[in-house]
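Reviewing the structure listed below.
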Amino acid sequence: MRIAVVADGEGGGWLQELGTARPERVPDLAEAVRDRENAAGPPPRWVWDAWEDLYPDLVRAGVRVRRSHDTALTEALLLGHDGRHEEPHSLGAVWARLHGRPVPDDPVRRTGEGAHAQPALFGADRSTLPPGTDRLAALAEVHDDQVRRLEALTDSGGLRLLAAVESAGGLAAAEMSHDGLPLRPDIHDRLLTELLGPRPVAGQRPAVLADLAARIGDALDQELNPDSPSQVMRALARAGHPVPSTRSWVLREVEHPAAPLLLRYKELARLHSANGWAWREQWVSERPGPGGVRLGRFHPDYVVAGVVSGRWATRGGGGLQVPKALRGAVRADPGWALVRADAGQLEPRVLAAVSGDLALAEAAAEEDLYARLAVHVGGDRDRAKIGMLAAMYGQTTGDAAPLLATMRRLYPRALDHVDTAARAGEEGRAVRSWLGRTSPRPHGWDTLPSGTEGDRTRRAQGRFTRNFVVQATAAEWASVLLAALRVRLARLEPALPEGAGVVFFVHDEVVLHVPADRAEEAVRAVAEAERETRELLFPGSPVRFPLVTTVSDEHSQI
DNA sequence: GATACGGGCCAC
DNA sequence: AAACGTGGCCCGTATC
């Protein structure tokens, strides 16, 4: 059963069971969705324009659903598959194309508009439909059109699966953003104070940074702002140490007393500006916990498939770059546990699976793929890893060249897979992931200049498509895993308490926060989700995707 | 005062 | 040792 749903902006909305029933007006949308979700029988698939506009409000109202069809995410996949990445994909745009009307631009979403935003009672209409249009009818029409287009594809199975798991990703994103990653404010504070000194008044440099800046000035015989690359370069040049840039690896080679001070300053300044006290105030919610502890939750705004490869992005808060120095502050609540599952060496394993390279698959059947590669290559593990990464990223300089030759001989099908993708990119053609996500063609390709400049662009596009076939498929593996894990966690008996489940996701890693006595079940659910993912994506392949799963009260304990 | 852009560094 | 893919974000600087 599929139920189309639109909100009225006042807490109510309209529902329609597609194909059979008539539209129905409901005064309380959350209650209506909850009732139908909890009804006997298989769960409905909720059809809506964009998860960001509806589901965060449902989650805030305590409602969770199991399945959805997100027309905006699906449309982006369909358009991309057709080589039309740049065309708008919101509901109004699809409807306009169906009716030969002018196509509206997609709405611009700003920081703080997603799950992190204040309750909005199923906010204003973001569909971009013309005023007065029957939104429910338009949604049903667009849904039917998308189903038809998906079925018409020759490789429809892949893209249908991708649309389904990506829609589920929207559900997971809203739920994770709502629940948040547990982060203890007091520990975060302690880490910052140890490194930077006590919290300064707004706009001031913390004591440690101010001291470093002064010592840098002394060492270079002039006052300067260490945050200004041009000032630093000028001062170093005057001191007899000209540098081409102030990048850390450049500074590391400079033999001047100011260099180590500058490096330390840059490291700490970044921590302060990117993840300091101001960051915590904006992105980490706080509430009292048992025994007087303050409990915090980091709430990033996820952007599902926000990256061309289908990886997720985040909007604000730097959600995908929680620095290692800070992970000690990520702690389970008292009596709860963090379950962290990390897919190690995901991309080379994906390459082994999609290329069907038997030798690489044999290595990918091992727990440590790179160690086995080293045996094949006859060198050490680090060199084997460099060679593999060079093949997937398109590196040609430095150490990589001789290693690549070895790789090409040992893993011909794997290398042919990425080389073929690279050639497509260099020739301006698109490539597809395992499930059918399609690479965009670069802007202005047809007017590319001949000669060096054009060649550089062509080679860069080759590296992009070379990497796309691997990275985009790895992102699909992660999406399927997340969707499968969500389903399994929802099926646990007795149900997990409010706020328990997946609380963080970044590319190839998930973090779950569960009551300590449910951690074993959570670990089992992760393992089962991995098996299901592998069987769904690569049935019969010997490639393994080992998930390193750790249970602790702390994120940094690995 | 707002905006655009590049440098630099964080993550996977 | 430092060009090799995808990003986000802060800062300084230039510009309107």
Side-chain angles (χ1 to χ4, degrees), chain A residues 111 203 205 209 224-234 243-253 262-276 278-279 282-283 300-327 342-348 350-351 382-383 385-401 403-404 418 421-422 425 431 433 437 439-440 456 459-475 477-478 504-510 555:
Chain A
T111 299
R205 270 196 187 117
L209 286 181
L224 82 165
N225 178 3
D227 288 318
S228 165
S230 64
Q231 283 186 36
V232 171
M233 276 171 70
R234 274 199 302 274
V243 285
S245 78
T246 63
R247 288 162 153 85
S248 53
W249 68 79
V250 173
L251 292 180
R252 240 170 261 141
E253 302 304 312
L262 280 163
L263 286 166
R264 184 66 178 157
Y265 178 93
K266 284 154 72 80
E267 189 185 349
L268 293 176
R270 177 168 166 97
L271 181 66
H272 178 238
S273 66
N275 298 98
W279 169 82
Q282 189 175 359
W283 295 102
D301 260 352
Y302 294 98
V303 186
V304 175
V307 177
V308 279
S309 62
R311 277 182 174 183
W312 293 18
T314 57
R315 196 164 26 218
L320 269 40
Q321 321 151 231
V322 179
K324 293 200 163 68
L326 224 91
R327 294 189 181 181
D342 188 333
Q345 309 163 342
L346 179 56
E347 296 194 345
V350 160
L351 177 56
D382 281 351
R383 282 179 61 74
K385 183 174 174 178
I386 288 172
M388 196 70 245
L389 294 176
M392 292 187 298
Y393 288 162
Q395 183 184 354
T396 51
T397 56
D399 285 352
L403 283 169
L404 270 177
V418 285
V431 294
S433 68
R437 188 186 306 279
S439 69
R456 190 158 7 132
R459 276 198 304 274
Q461 182 67 10
R463 287 193 299 273
F464 166 62
T465 48
R466 168 188 295 272
N467 186 250
F468 184 95
V469 293
V470 178
Q471 188 183 117
T473 304
W477 180 92
F504 192 66
F505 169 62
V506 48
H507 306 323
D508 58 3
E509 171 188 342
V510 291
H555 186 41

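Treat the numbers as computed from the prediction; the structure is a model and nothing was measured.
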If you round to the nearest 0.5 Å, how far is [atom2] of [Y] from [atom1] of [X]?
X: A:Glu347; Y: A:Trp477; atom1: CD; atom2: CH2; result: 11.5 Å
X: A:Gln471; Y: A:Phe464; atom1: CD; atom2: CZ; result: 8.5 Å
X: A:Leu404; Y: A:Ile386; atom1: CG; atom2: CD1; result: 11.0 Å

Of all the nucleotides listed ([options]), which has the minimum atom distance to the side chain of [X]?
X: A:Ser245; options: C:dG8, B:dG8, C:dT6; result: B:dG8
X: A:Val506; options: C:dC4, B:dC12, C:dT13; result: B:dC12
X: A:Gln471; options: B:dC10, C:dT6, B:dG8; result: C:dT6
X: A:Arg463; options: C:dG7, C:dT6, C:dC4; result: C:dC4
X: A:Thr246; options: B:dC10, C:dG8, B:dG8; result: B:dG8
X: A:Asn467; options: C:dG5, C:dC4, C:dC11; result: C:dG5
X: A:Gln321; options: C:dC10, B:dA11, C:dG12; result: B:dA11
X: A:Asp508; options: C:dT6, B:dC12, C:dC11; result: B:dC12

Find the distance [X]:[atom1] to [N]:[atom2] and express it as a whole number of Å.
X: A:Leu224; N: C:dT13; atom1: CG; atom2: C1'; answer: 16 Å
X: A:Tyr302; N: B:dC12; atom1: OH; atom2: C1'; answer: 14 Å
X: A:Arg311; N: C:dG5; atom1: CZ; atom2: C1'; answer: 8 Å
X: A:Met388; N: C:dG5; atom1: CE; atom2: P; answer: 16 Å
X: A:Gln461; N: C:dG5; atom1: CD; atom2: C1'; answer: 12 Å
X: A:Glu267; N: B:dG8; atom1: CD; atom2: P; answer: 17 Å
X: A:Leu271; N: B:dG8; atom1: CG; atom2: C1'; answer: 16 Å
X: A:Leu262; N: C:dC11; atom1: CG; atom2: P; answer: 17 Å

If you find the nucleotide of DNA chain C closest to A:Trp249 and the one closest to A:His272, which residue's nucleotide is nearer the 5' end?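 The residue closer to the strand's 5' end, by nearest nucleotide, is A:Trp249.
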Any N or O donor-acceptor pair under 3.5 Å from the base of B:dC9 to the side chain of A:Arg270?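 Indeed, a donor on one side and an acceptor on the other fall under 3.5 Å apart.
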Any side-chain N or O of [X] below 4.0 angstrom from OP1/OP2 of [N]?
X: A:Ser248; N: B:dG8; result: no
X: A:Ser230; N: B:dG7; result: no
X: A:Lys266; N: B:dC9; result: yes
X: A:Arg247; N: B:dG8; result: yes

[X] side-chain N/O to [Y] backbone N/O, donor-acceptor pair under 3.5 Å:
X: A:Arg466; Y: A:Ala391; value: yes
X: A:Trp279; Y: A:Gly317; value: yes
X: A:Gln231; Y: A:Asn225; value: yes

Check every strand shown and say whether [X] touches a base, only sugar-phosphate, or nothing at a heavy-atom separation below 4.0 Å.
X: A:Ser309; answer: nothing
X: A:Asn225; answer: sugar-phosphate
X: A:Val250; answer: nothing

